[in-house]
Structures are given as C-alpha cells and as structure tokens.
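Following: one structure in structure tokens, then a few remarks.
Reminder, nothing fancy here: chain letters follow the sequence lines and each chain counts from 1.
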There are 2 protein chains.
Amino acid sequence: MQKEKKDLAEVIRSAGFRATRPRLSLLSFLEKADFPLSIQEIVDGLTRKVDQVTVYRMIESFKTAGLVREVNLQGDRPKYELADAENDHHHIVCTKCHRVEDFVGCGVERIEKKALQGSRQFAAITGHSFDLYGLCNTCAK
Amino acid sequence: MQKEKKDLAEVIRSAGFRATRPRLSLLSFLEKADFPLSIQEIVDGLTRKVDQVTVYRMIESFKTAGLVREVNLQGDRPKYELADAENDHHHIVCTKCHRVEDFVGCGVERIEKKALQGSRQFAAITGHSFDLYGLCNTCAK
DNA sequence: ATTCCTGCAAATACTTTGCATCCTT
DNA sequence: AAGGATGCAAAGTATTTGCAGGAAT
C-alpha cells in the first residue's frame, strides 16, 4: 500500500536529496498531472500546503537533477513536468484556450544530425524542445 | 540613403501603427540582430534611449500584428526576433553560455501531419516551435 | 548530532497600468 | 486638430535571498 510512496522516496534519494514531505508531495502530484504545470498551479494544487518558495526551490533542484523538465510555451510562464527519460513526448497547445495535449514520436534525430552538420559553432546537441500550436476541436468551431 | 528607414516606416504603417521614432529604432535594431533579444537587451541596445515600458508595449503590439515573433528558450526570459514570414528558422542554444545560432530546414511538416492524425482533441495545427540545445565549440572543450 | 530543508519575511526583478504630454497623421 | 504613442510614476506579479527553526539521515 505504501509501495508507490516508497518508490518516490527512492527516486528522490538516488538523486541525492532527502525524502521530505514536500518533495514527495510534489513528485506524486506531478505524476498524476497529465500536462505541464506552472509554479502557481503546483502551489495551489498540492493538498498539503507547501510554501511557494519551497516549490521554487524544489523545482530548481529537480530540474538540475534531471527529475523534472521545464516546458516553455508561447506567452506563458514556464511549466514543469516529470522528466521520464524515455518518454520523449511533446505538446500541442491550443492557441485559444491553452489546452495541452501530448504527442509522441517527433522523430527529431535526423533533424538534429542535419543541424549539427550545418553548424560551424556547435560541437554537440544534447536535447531539443518541440511544440505544436493549433486549435482544439472546441475552439475551432 | 534614407531608403531603408523609409521602408521600415512603411512596414509599420501597413501594420496599422504610426511610424514613430521608437518604433523605427526597434525594428531597425531587430533587423540588425542575428539572434533573438530579451526586453532588457533591447532597452540597453537601442542607441536613442527608449523607455522600458514603451519597449514592452511595442513588442506586445508588434507581436500581435505578426511583425515580431516571441521565442521561449529554456530557463530564459522570452526573447524576440523579426518575424519574416518566410524565414522558418530555429535555434540551437548552448546550455552553458546561452549563445544562440540559427538553423533552417526543420522539415516539420511531416511531423505536424502525423501529430494531427494521432490527435483526438485537435482540429488544426497553425504553428510550431522547435529548438535544439547543446554545447558550442567553446563550451565543449 | 549533523546537515539539509523549510517557512516566513523581505528584497529584487519583471511586467502592467494610469495619466499628462507630445507627436504623427 | 484629433487621436494615437510615449515617458514617468507607481502598482502589481513573479522570483530570489537570508536566516532561524525543524526534520531526515
């Protein structure tokens, strides 16, 4: 019954942090979310109250540790999501209502290779961000 | 000799704005820049002093008018660049020193089509953002 | 017991708003 | 002359920093 929680604690520890209540809450909250969340949304969403400053700090350290990924969408504050290493997914954002849907398989490797060859100033490519903008079914009507 | 300036004024007017000194400065500055700039960089870079508030307002209205494009890169404030409609280019960003280089040909059309077919919630795709992160030659050493 | 974390207060930085004046049209 | 645009002051948000007390190891 505590299995899930225990796993999270382990994740946190192996990243070099102490498994505290706020950090467990944050990870388990992000795990449940199915789209990236802003700092504010996280603060408001956590059932057990956690100070905003603490959320900023956790996100910052988790980002550095590679547990969390920052997502920058047009005209919005940065948002954050769990960085499951293998889960190379991206986002389609509705430009009207800001609804976010994931999509997978961006097949970006070829482009990365091409870009690297075409570059005079870069030695390596370590990551990418790729998002689509459009209209969701509701807003398109 | 005034040819260039005159063109810019025309661009501004056809977007529905008055061709004022600050707006001309901004456009001509962005034209010279070869990577996206933050609000602060613009304010500091304009030779003829323009109030920060005015820069915010110009960028906002130019963005709406489609003259300027907002670029959101990892962990940075938003940056802005001229939105030459045909110039569908993207950025490679050094994760250490934040140097930015452009690259072209992202060949994203196929991916867009695929994503749209795979989506249950989206009706149309109108744009995309695509950026690469890596290490520049200097920082890779 | 030690060291890391957290919360609170407060300082900074960023962005928006209101309004009187100036400048383009 | 009219109405949009700018600058300045100030309000509103967002984010960072400092530090004392609390919790995990």
Under 3.5 Å donor-acceptor pairs involving side-chain atoms of residues 40-55 of chain A, not counting sequence neighbours:
from	atom 1	to	atom 2	distance (Å)
A:Gln40	OE1	A:Gln52	NE2	2.7
A:Gln40	NE2	A:Asp44	OD1	3.2
A:Glu41	OE1	A:Ser38	N	2.7
A:Glu41	OE1	A:Ser38	OG	3.3
A:Asp51	OD1	A:Val53	N	2.8

Going 5' to 3' along DNA chain C, which are the first and last nucleotides with any atom under 4.0 Å from a heavy atom of chain B?
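Under 4.0 Å from chain B, the extent on DNA chain C is C:dC14 to C:dT25.
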
Could you list the donor-acceptor pairs under 3.5 angstrom formed between side-chain atoms of residues 134-141 of chain A and any protein atom two or more places apart in sequence or on another chain?
from	atom 1	to	atom 2	distance (Å)
A:Asn137	OD1	B:Ala123	N	3.4
A:Asn137	ND2	B:Arg120	O	2.7
A:Asn137	ND2	B:Gln121	O	3.3

Rounding to 10 degrees, work out the angle separating the end axes of the helix from C:dA1-D:dT25 to C:dT25-D:dA1 (five pairs an end).
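Computed angle between terminal axes is 40°.
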
Checking B:Ser119 now: which residues fulfil side-chain hydrogen bond (donor to acceptor under 3.5 Å, both in side chains) with it, not counting sequence neighbours?
A:Glu101

Treating primed atoms plus P, OP1 and OP2 as sugar-phosphate and everything else as base, which nucleotides of nucleotides 15-25 of chain D get B, S or - for protein heavy atoms under 4.0 Å?
BBBB----BBS

So, the side chain of B:Arg13 versus the backbone of B:Ala19: is there a donor-acceptor pair under 3.5 Å, distance only?
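A pair under 3.5 Å: no.
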
Listing request: all ring pair (Phe, Tyr, Trp, His ring centres under 6.0 Å) pairs with a residue in residues 30-55 of chain B, at least two apart in sequence or in separate chains.
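Output for this query is empty, none listed.
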
Sequence neighbours excluded, which residues qualify as side-chain contact (heavy atoms from CB on, under 4.5 Å) partners of [X]?
X	result
B:Glu60	B:Lys63, B:Thr64
A:Glu81	A:Pro36, A:Arg69, A:Val71, A:His89, A:His91
B:Ala33	B:Leu37

Partners passing ring pair (Phe, Tyr, Trp, His ring centres under 6.0 Å) against B:Phe17 (at least two apart in sequence or in another chain):
B:Phe62

In chain order, what residues pass the ring pair (Phe, Tyr, Trp, His ring centres under 6.0 Å) check against B:His128, with sequence neighbours excluded?
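B:His128 satisfies ring pair (Phe, Tyr, Trp, His ring centres under 6.0 Å) with B:His90 once adjacent residues are dropped.
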
Tell me: CG of B:Leu26 to P of D:dG7, nearest whole Å?
12 Å

